[in-house]
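Working notes for the structure below.
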Amino acid sequence: MLPRFGHVPELDAVAGTVARVRREHRLVMNSLGVEKPQEWLGDDRNGYAAQIAAHLLVTGVHRARLLGYGRKDLVRLLDATGIE
């Protein structure tokens with residue numbers, strides 16, 4: 001069963017696609033595009049890549065709030081990605 005976002009059909013569509021790709025192809029969609037791949041290199045949880053990840057998450061949450069999405073909407077989207 002795919003997560004539902006009620007009044008947010010755009011998130012429903014993205015969550016459904018992410019869940020389907022993960023289920024059918026065992027591929028985790030963790031990005032819709034990265035401008036600068038070098039920003040994501042490294043596995044230091046306190047390094048530059050971690051700072052970029054935190055910045056994007058906080059920026060995304062802010063943008064989602066401006067668009068009227070709530071915490072439950074965002075948690076459902078995260079759950080659809082398969083993140084643990």
- Could you tell me the separation between the NZ atom of K72 and the CG atom of D79, rounded to the nearest 0.5 Å? 13.0 Å
- To the nearest 0.5 Å, how far apart are NE2 in H62 and CG in L67? 9.5 Å
- Query: If you look at every heavy atom in R45 and A50, which pair is closest and at what distance?
  - Reply: O-CB, 3.0 Å
- Message: Using every non-hydrogen atom in the two residues, find where L78 and I83 come nearest and quote the distance to one decimal.
- Response: O-CG2, 3.4 Å
